[in-house]
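Labels below follow one simple rule: chain letters A, B, ... track the order of the sequence lines, proteins then strands, and each chain is numbered from 1. Scope of the values below: all heavy atoms of this structure, side chains included, with no hydrogens, waters or symmetry mates.
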There are 2 protein chains.
Amino acid sequence: MRTETVENYLKTIYNLSSDNTLVVTNQQLADKLSINPASVTEALRKLHELKYVIYEKSYGTRLTTAGSKLALGIVRRHRIWETYLVKELGFGWDEVHVIAEELEHVQNDKLINKLAEILGNPVYDPHGDPIPDAKGKILKSNFIKLSETKPKGNYKVMGVIDHSTAFLKYLDKHQLIIGATITIKTIEEFDNSIILICQKKDVNISPKAAECIIVQAL
Amino acid sequence: MRTETVENYLKTIYNLSSDNTLVVTNQQLADKLSINPASVTEALRKLHELKYVIYEKSYGTRLTTAGSKLALGIVRRHRIWETYLVKELGFGWDEVHVIAEELEHVQNDKLINKLAEILGNPVYDPHGDPIPDAKGKILKSNFIKLSETKPKGNYKVMGVIDHSTAFLKYLDKHQLIIGATITIKTIEEFDNSIILICQKKDVNISPKAAECIIVQAL
DNA sequence: TTATTAATTTTGGTATACCTAAAAGTTAAT
DNA sequence: ATTAACTTTTAGGTATACCAAAATTAATAA
Ligand SMILES: [Mn+2]
Ligand SMILES: [Mn+2]
Ligand SMILES: [Mn+2]
Ligand SMILES: [Mn+2]
C-alpha cells in the first residue's frame, strides 16, 4: 500500500474514533475519505494484515498500538503545519487545512520538530485541536459542542470540528473565532437553531453548524 | 498518471536537457529515476499523449511548452524549499535535497510565493542553482565545471551538480563551499585528478568530483 | 417474527506504475 | 558489410487502489 493511502486511512480512523474509545464503521470511513465502501473493506483487510488496525468483519475497526502511534504522528504533522502556516506564514485559519492535507505526508521528524520549536511547541492548532508532542502525547479536553449548551449560559469558543474554508469564513463573518465569549439567548423550538450573542450582536446558528463548534462553560 | 509521477518525469527531463537544448534519452531517465527502461518507454508514451513532451521513438524526448512550464514550476518549488530550509529553518545544504524532493509536490502557489517573499525572492538556491521566478523566468549562467579548468587559474565556486549528502559533506570538509576562492595547482597526468588550493590548503579532487563542481573564472 | 432497509462484502473489472525477459532497432568496431 | 554491444521497445505479468453491481449480513420496523 502506498504510504499516503495508509496514512490517510489511519488518520481518519483516529479522528473518527475519539481517542480510540469508539469503533469506526466502514460507512464512516467511506464518507470521510470519499471512497466506495467496497474499497474501504479491501483497505481495512490490508491494514489489518499490516497490524495497524483490528478489523472485525461486519462490525468495525479500531487502531492497534502501532496504528495509533503512526496516526498520532500524522495528526501532529498536520496540526503543526496548520499552526506554522497561520502563525509564521500569515495564512488564514480557513485556508490551511487543504495545504496541511498535503504537507502532513512529508516524512521528516527534524523538520516538524524544528517548526514546533519555532512555534514554541504549541499545544493547540488554529482550530483548537490539541497537537500531540513528539512522543505522541496529546491533551484531552472535556469541552462540549455548542449544540449541547443551555440558554442563558456563558461560553467561550474553544475550537471547531469542520475545517472547511466555507464554514470558517462563515464563523469569521460573525466573529465566532477561537477565544470569543458568547451568551446563549434562546434555542428556536421550530428548527433547533441557536440564537446567541457574540460581540454584542445576535447571531443565529443552525443545528448543523452548532455541531461543529466547541465551547467551554464559563 | 499520478501527478507526482508526472512531475518527477518532467523535472528530470528538464534537469537533463540543459534548458531544452538537448534531447533526453530513455537511458538517462531510467538512471536518474532508478526505473527500468521499459517503464520509461511506457511513461514517455503517456506524457506524449498528455502533450507534455515530444517523444520520438528510439531517438529521444524533449519538453513541449506546456511541459516546460510545469517543469519550471516544480523546479521553482524544489529550490525555494531548499533555500527556505537552509536560510529560515537552519538545515545544512547537505540535508535539504531529500526533503525538497517531497515538498516540491505540494501544490500551492500562494505558499511558495510567500516563502520566496520571506527569502527576498532569491535567485540562487543553496547549491548555486538558479530559481525560476513565479512566471517561470530563470537566469542562465555560463559557469564552467571544475573539470574544465586550467592550472594556475583562479576560480570561485558557484555551485554543485550533485546534491547528495555524501558529496556535500565531502565538500564541507575541504571548505569547498559556494563563494570559496580556489587556485588550480596542477592536474595529475596519471588519473586526471585536480590539485587545487582552497583556504591555503592543498585539496585533491577526483575527476568524478570535478564534474560536479561549478566555478567561475576570476 | 418476518419484512424491509441499510451496511458490508464479494465478484469482476479498470487504470496506474512498476517489473523481467525477449525481440527489435541503433551504433560502433572490425 | 558483418558482428558485437548497447539501447529501446514489446510482450507478458505483478501490486496498488480504486470502481459498480450483485450477494450477503445485520439492524430496524411492522
Ligand atoms: Mn485540519
Ligand atoms: Mn492527507
Ligand atoms: Mn535539490
Ligand atoms: Mn520529487
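- Counting only heavy atoms from C-beta on, Ser58(A) has its side chain closest to dT9(C) among dT9(C), dG25(C), dA17(D).
- Nucleic acid contact for Thr41(B): base, since at least one base atom lies under 4.0 Å from a heavy atom of the residue.
- Going from atom CG of Asn8(A) over to atom C1' of dA17(D) covers 13 Å, rounded to whole Å.
- His163(A) and Asp129(A) share a side-chain donor-acceptor pair at under 3.5 Å.
- Taking a 4.0 Å limit (strictly below) on heavy-atom distances, residues 43-51 of chain A reaches DNA chain C at Arg45(A).
- Counting any heavy atom pair closer than 4.0 Å across all strands shown, Ser39(A) reaches a base atom.
- Using a 4.5 Å heavy-atom cutoff, the side chains of Leu89(A) and Trp81(A) are not in contact.
- A straight line from CG of Leu33(A) to C1' of dC19(D) spans 15 Å, rounded to a whole angstrom.
- Residues satisfying the side chain to side chain donor-acceptor pair (under 3.5 Å) test with Thr12(A), not counting sequence neighbours, are none.
- For the pair Tyr59(A) OH and dA27(D) P, the interatomic distance rounds to 10 Å; values are reported in whole Å.
- Asn36(B) comes within contact range of at least one nucleobase, with a heavy-atom separation under 4.0 Å.
- Rounding to whole angstrom units, CG of residue Asn26(B) and C1' of dC6(D) are separated by 13 Å.
- One donor-acceptor pair, N or O on each side, does fall under 3.5 Å between the base of dC18(D) and the side chain of Glu42(A).
- Separating the CD1 atom of Ile35(B) from the P atom of dT16(C) is a distance of 16 Å, rounded to the nearest angstrom.
- Relative to the side chain of Gln27(B), the nucleotides dC6(D), dA21(D), dT26(C) differ in distance, and dC6(D) lies closest.
- Rounded to a whole Å, the CD atom of Glu4(A) is 18 Å from the P atom of dT16(C).
- Comparing Lys57(A) and Arg2(A) by the nucleotide of DNA chain D whose heavy atom lies nearest to each, the residue mapping closer to the 5' end is Arg2(A).
- For the pair Gln28(B) CD and dT8(D) C1', the computed distance is 14 Å after rounding to whole Å.
- For Thr5(B), counting side-chain heavy atoms from C-beta on, the closest listed nucleotide (dC18(D), dA17(C), dA17(D)) is dA17(C).
- Judged by distance alone, the side chains of Arg2(A) and Asn8(A) never bring a donor and an acceptor atom under 3.5 Å apart.
- Using a 4.0 Å heavy-atom cutoff across all strands shown, Tyr55(A) reaches sugar-phosphate atoms only and no base atom.
- Thr64(B) contributes a side-chain N or O that, together with a main-chain N or O of Tyr52(B), makes up a donor-acceptor pair within less than 3.5 Å.
- Two residues are said to be in side-chain contact when any heavy atoms from C-beta on lie closer than 4.5 Å; Leu29(A) and Leu16(A) meet this criterion.
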Only distances under 3.5 Å count here; give the side-chain donor-acceptor pairs of residues 38-49 of chain B to other protein atoms, sequence neighbours excluded, each with its distance to 0.1 Å.
{"from": "Thr41(B)", "atom 1": "OG1", "to": "Asn26(B)", "atom 2": "ND2", "distance (Å)": "3.4"}
{"from": "Thr41(B)", "atom 1": "OG1", "to": "Pro37(B)", "atom 2": "O", "distance (Å)": "3.2"}
{"from": "His48(B)", "atom 1": "ND1", "to": "Tyr55(B)", "atom 2": "N", "distance (Å)": "2.9"}

